[in-house]
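To start, the structure itself, in structure tokens.
A note on names: the letters A, B, ... follow the listed sequences, proteins ahead of strands, and every chain is numbered from 1.
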Amino acid sequence: MTKEKPSLLKTKLKDLTPDELQSLEKPLGTSDRPFPMWGSQRVEQNGRSDLEQVLSVIADDTYPMKVFSERPYKEVIALAYGDMPTPSMLPLFFDGLERRKPDSTNRTQMMIGDPGAGKSFLGALQGRLRTKEPIEVLDCGGKNMRELLFEMVLDFGAGEALPRAIDKRLAAGTLEPLSLGLLKQLPDTAVTKDTDGNLQGIDWNALKSAGNDKVEAAFETLKKVSKIEGLDNAGGNALGMNSQYGPLIQKFIKGEEIVLDEYNKSREGTDDNLQTVWQFCIGELKECTVENPLKNKDATSGPSTFTFRREDTKPGFFVTLTGNKKEDGVTTRSLNKSVYSRLSPQTLPDPDVIDWQHRICQMIVGIPVSTLYTTFKDQADKDPDAFGDWLLWLRRTKAESEGGKVPELQETLLTNWKNVVNSSEKLARFYDKWSKMTNSEAITSNGNADLVEEVDDEYSKKEGIDFRKIKQHLEEAIPIRPRMQKEDAPRFLDTKAWDKAPKLGEAIPENPSLNLGTRLTEFLERMVYEKSGAVGKHKLYDKLTKSMQEFALRDITLQEAARSKQRSVEEDLNISAFNDRDLNKQANMARKVFCEWLRQENPEIKATDDEIATPRTFRTAIEQVAAAKDSAAKNELFVANRDPETLYAGQPLMSAIIKDAAVYVAQSKEIDFTLQDLVHHDDFLASLALPTVSAKNLSSVWEQNIRPLTRSEPANDRGAAASAPASGGSILDHDEALYIAENKSDKKIATTSLQVLWSDEQGERPVSVHIVRNEARGKTLVVSEHAPSKLLSAFKEAGVTHVDRHDPNAQTKVEAALADITRGMPGSVKDRLVDAFKYRNDVDLPHLKGKNPGLADLLVDEKIDMMYAKYLVKNDKKKAAGGPG
Amino acid sequence: MSNTGKKASHLMSTDTLEEVGAAVAQQKAMERGPKFLPHGCRLFEVASGWESNMIRRDKGVASASTMLELEDAIRSPDVKIVFIPLDAMVTAPDIEKICQRNGVAKTLFKEVRE
């Protein structure tokens, strides 16, 4: 049997060889792997030199920062970059690493800051960088600090048989009522009860070292329980009480780290005998001996003294002390002057926008994308794909070390990292303002004096914004939950058979990133109202809603944003899986949708996805679609191929082209295709549900011929030059409706219609498909015949809302979709859309005479036919995507 | 189109099926979003049924029904993923407390009834 190699961090420094020390050394911040750092620097501006706080890097091959760690290098790097403290805390991180060097004699770091600022996280992080073992974080609140050196503990013996036996009976409900009553009397910190006061669980580790007084009481209680339950006779159910080394001495002996959390909330006057220990820990003394006041108390055994010696120090030993700012509450006490002088606490600065943004990114995607982007901006802008790949590597490596996978949502967001950077900046600015508005102490000096009557100390304590609030908001916003429908959305109440479970429609699952932005911004709107307007703080509510607009949380100022190409937080965080840069992922998504749809359309097909089309086949098809040049100018599309012969030969998509009846008429030509040449309605719709293909097709359907035909210019008949807004003085150049039909409006809105093949019990015939699209927001409305249900989920990803024109609620659904598509646009846009629709659709019908129908009325009107239809016709099969080119 | 010829090549070993199933179950649980716990631990709720069974049975996963077992799992350097069954005597505040006093980042799945 081989003996396990002793941990180097737990070996006395004097016993480590130079090679062993070298093996622990992991450099951080080298020339080709710079590490972000925040600090003061002189910045020259207009001939003046000012001291400013800047974000820069450490990139030094000779003197990098060093982590002395037993973890593999890649884990250290992934943790250091992924769990990086906020920029304003980086100098403390730097100091912490310096003090953890093996030869450092100061083995403490004390940090004072606001609750939730991340003090204990930072302390533990530096320990986590060094070892896979957990770092003990001891809550000092209300505790006697003498017990850091010697403590009285319950001794359950090896295997903790007694606690396990009691747990087992508690779970089975077989504990005697008397025992239950006794166990409920254990200290509150060690038992969990439900709202009715029933015992739910016992925190034995907390009980074991709950403090000398509590341990003695618990010992007596457990002795009685053990007897009542008959466990005192069973072998192994030992119960004793011992005086032993406290956590501080134990960590020194073992060579481990400890975080003493909330140190200035410990019991007053109990840390006096720690002063010499702190002198030893900061390097002022080479040796110090402490005595055990508990020795022989109540016949307990244990050590009588302990001597800390410099020569016994192990590199793994370190003490982090954290404290809350004095003003955070009554339980926080001011420490002795000698403690301050010895431990030299470092005070955390108030978070800045860059810090809020950093934490928001860490919570959304697991790594601080914003800080990494700001640090390496030039390179990230120059090669965004390489930067994105590096971010994904960091996230995946961190996940590997923590167990589990990277959630799909985070993978999608990291692939679209620019959206994360943009949206997190706006969110950070909004949260920064919100925190200032709810900080009663600084309200008169931070530009929010008008809120002084509404924001008092109590409100500030309860509702003030800190990192924990952001965490809660994100926890609420990330999951997909039931959503309240628009007030004017259609409703249907089935008044019959309420005694039975409801009939549910087919589930249409949604990718979590698809509406993340909407969920988050809607939740923030709700929170803003609940925390201000709803509780009578109207000024605060007004200011917060203005801030939401100012930082473009939702696209309220869409027109301005559209002009400046800015995007709202909502838009940036609503990310379709279809936008994934990875073509393999796109191909897999496309294949899944295609195969499920194919089996639904043709129930006789029982073949598996692999039997229908391999992933490689789909990748090739998607690549060919992506690479197809001039398809928009040629009105060329790619539609789903159901022809067995070519499909199973590896062609899941086929080429199609728009043939314009107007061109045939203008050229006095006979129509040279038949009904059978038309693309089937479902094959076209399926193409709109496939990544890459959907976007390509939606760029190829627009009007190209009206402008040239009215000028007697060549029309777009299979490859003819596409029309463009002419430079001449035609009246059409000022026709916004025509630009809308051509998808060339500066409002980024468009509409057109196509004719495809439809077959039902009434036979085969051409039917219209009407399309309305907002390209800027990637939203499309398609109104046509009934759509196969297997496409609906993918339509969501493609930003497509499909409405069956025969649906009883079709008009309301279309109105809702149009309202969304034209959100923030002037009312006149809807009129121009109607005009654009009329370019190809004959609305001069008896039932519409004397009426002024809106676009929604026209889109769902079954009687409206196309004049000079644009037919979607199957193209030459040799050009089928996925086929032999 | 034959749907028989290729079947043999699609057969997966039981181990592979279990692994794939556990990975799918984990991703499904992750879709519900995390609860952010101290020190970078993340807690995901997993629906009771096939999803929770797949995660529970996964080789690298430790199951914890009591606070003592949970803390053992959190403290073990060999355990990265912890599964907390539906009937565990561990509440959400208990989980948070145990994660807070053990500075280590792990992934936790808590079984919930849908």
Side-chain angles (χ1 to χ4, degrees), chain A residues 79 82-83 120-121 123-125 127-128 131-139 160 163-164 167-168 170-171 192 194 200-206 257 259 261 363 366 398-399 401-409 471 474-480 511-512 605-608 610-612 644 648, chain B residues 1-7 9-10 23 26-45 60-62 65-72 74-82 87-91 93-94 97-109:
Chain A
L79 276 182
D83 282 352
S120 59
F121 173 83
L125 167 67
R128 288 200 285 126
T131 174
K132 290 183 182 185
E133 289 179 10
I135 306 304
E136 183 175 349
V137 179
L138 185 79
D139 180 5
E160 289 158 325
R164 287 179 202 278
D167 273 349
K168 204 171 168 186
L170 182 60
T192 305
D194 64 16
Q200 284 191 297
I202 301 169
D203 186 352
W204 295 101
N205 286 328
E257 293 216 9
V259 177
D261 208 14
M363 284 184 248
K398 192 164 95 72
S401 74
E402 292 165 357
K405 309 266 181 289
V406 180
E408 275 291 330
L409 173 67
K471 181 179 83 97
L474 290 171
E475 280 176 352
E476 288 290 325
I478 289 174
I480 301 172
N511 158 27
I605 297 180
K606 306 285 181 212
T608 63
D610 271 347
E611 287 165 337
I612 294 169
Y648 297 129
Chain B
M1 176 79 196
S2 154
N3 56 6
T4 53
K6 293 183 183 173
K7 268 186 182 168
S9 63
H10 299 309
Q26 279 191 28
Q27 278 298 355
K28 270 190 79 75
M30 285 177 173
E31 277 179 15
R32 294 161 176 253
K35 179 165 170 53
F36 300 107
L37 295 170
H39 308 296
C41 283
R42 294 169 305 156
L43 174 74
F44 298 95
E45 291 188 343
V61 175
S65 294
T66 65
M67 279 188 256
L68 210 50
E69 288 173 0
L70 177 61
E71 196 144 17
D72 283 351
I74 295 277
R75 284 179 180 173
S76 167
D78 300 327
V79 173
K80 288 181 179 175
I81 304 175
V82 186
D87 57 356
M89 297 189 297
V90 184
T91 62
D94 294 335
K97 183 171 68 172
I98 288 171
C99 287
Q100 171 59 30
R101 68 190 185 212
N102 293 283
V104 67
K106 303 215 171 183
T107 306
L108 292 87
F109 291 96

Which residue out of A:A206, A:P644, A:G366 racks up the most heavy-atom pairs below 4.5 Å with chain B? A:A206
On a heavy-atom basis, the closest approach of A:S120 and B:Q100 is OG-NE2, 3.6 Å
Tell me the closest heavy-atom pair linking B:G103 and A:A124, and the distance in Å. CA-CB, 4.1 Å
Where on B:L70 is there a heavy atom nearer than 4.5 Å to chain A: the side chain, the backbone, both, or neither? neither
Given the rule in the side chain to side chain contact (heavy atoms under 4.5 Å, CB included) test, do A:N205 and B:R101 qualify, once you have shown the distances and angles that lead to the verdict? CA-CA 11 Å; A:N205 286 328; B:R101 68 190 185 212; 3.8 Å; yes
Pick from B:L68, B:D94, B:T66: which one has the most heavy-atom pairs with chain A under 4.5 Å? B:L68
Nearest 0.5 angstrom please: A:D203 CG to B:E71 CD, how far? 6.5 Å
Of A:S401, A:A399, A:P163, the largest count of non-hydrogen pairs under 4.5 angstrom with chain B goes to A:S401
Quick check for you: among B:A23, B:G33, B:P34, which has the greatest number of heavy-atom pairs under 4.5 Å with chain A? B:P34
Got a donor-acceptor contact below 3.5 angstrom from the A:E408 side chain to the B:E31 backbone? no
CD of B:E45: more than 12 outside heavy atoms within 6.0 angstrom? no
Tightest non-hydrogen contact, residues B:F36 and A:K471, listed as O-NZ, 3.1 Å
Which atoms of B:P38 are under 4.5 Å from chain A, going by heavy atoms: the side chain, the backbone, both sets, or neither? neither
Report the option among A:L170, A:L474, A:L138, A:N511 that has the most heavy-atom pairs separated by less than 4.5 Å from atoms of chain B. A:L170
Cut-off 4.5 Å, heavy atoms of chain A, and the answer for B:Q27 is side chain
Answer with side chain, backbone, both or neither: which region of A:D139 has an atom nearer than 4.5 Å to a non-hydrogen atom of chain B? neither
Give, as side chain, backbone, both or neither, the part of B:D78 having an atom under 4.5 angstrom from any heavy atom of chain A. neither
Using modelled atom types and a 3.5 Å cut-off, is there a donor and acceptor pairing between side-chain atoms of A:K405 and backbone atoms of B:Q26? no
Quick one: which of A:P407, A:P512, A:A477 has the most heavy-atom pairs under 4.5 Å with chain B, could you say? A:P407
Given a strict heavy-atom distance threshold of 4.5 Å, which part of A:V259 is in contact with chain B: side chain, backbone, both, or neither? neither
Using 0.5 Å steps for rounding, measure from the CD atom of A:E475 to the CZ atom of B:R42. 12.5 Å
Side chain, backbone, both or neither: which part of A:I202 has a non-hydrogen atom closer than 4.5 Å to chain B? backbone
Is a side-chain N or O of A:E402 found less than 3.5 angstrom from the main chain of B:I81, in a donor-acceptor match? no
4.5 Å side-chain heavy-atom contact, A:T192 and B:P93: no
For chain B, which candidate among A:K398, A:K168, A:M363, A:K132 shows the most heavy-atom pairs at distances under 4.5 Å? A:M363
Side-chain touch A:V137/B:H39, heavy atoms, less than 4.5 angstrom: yes
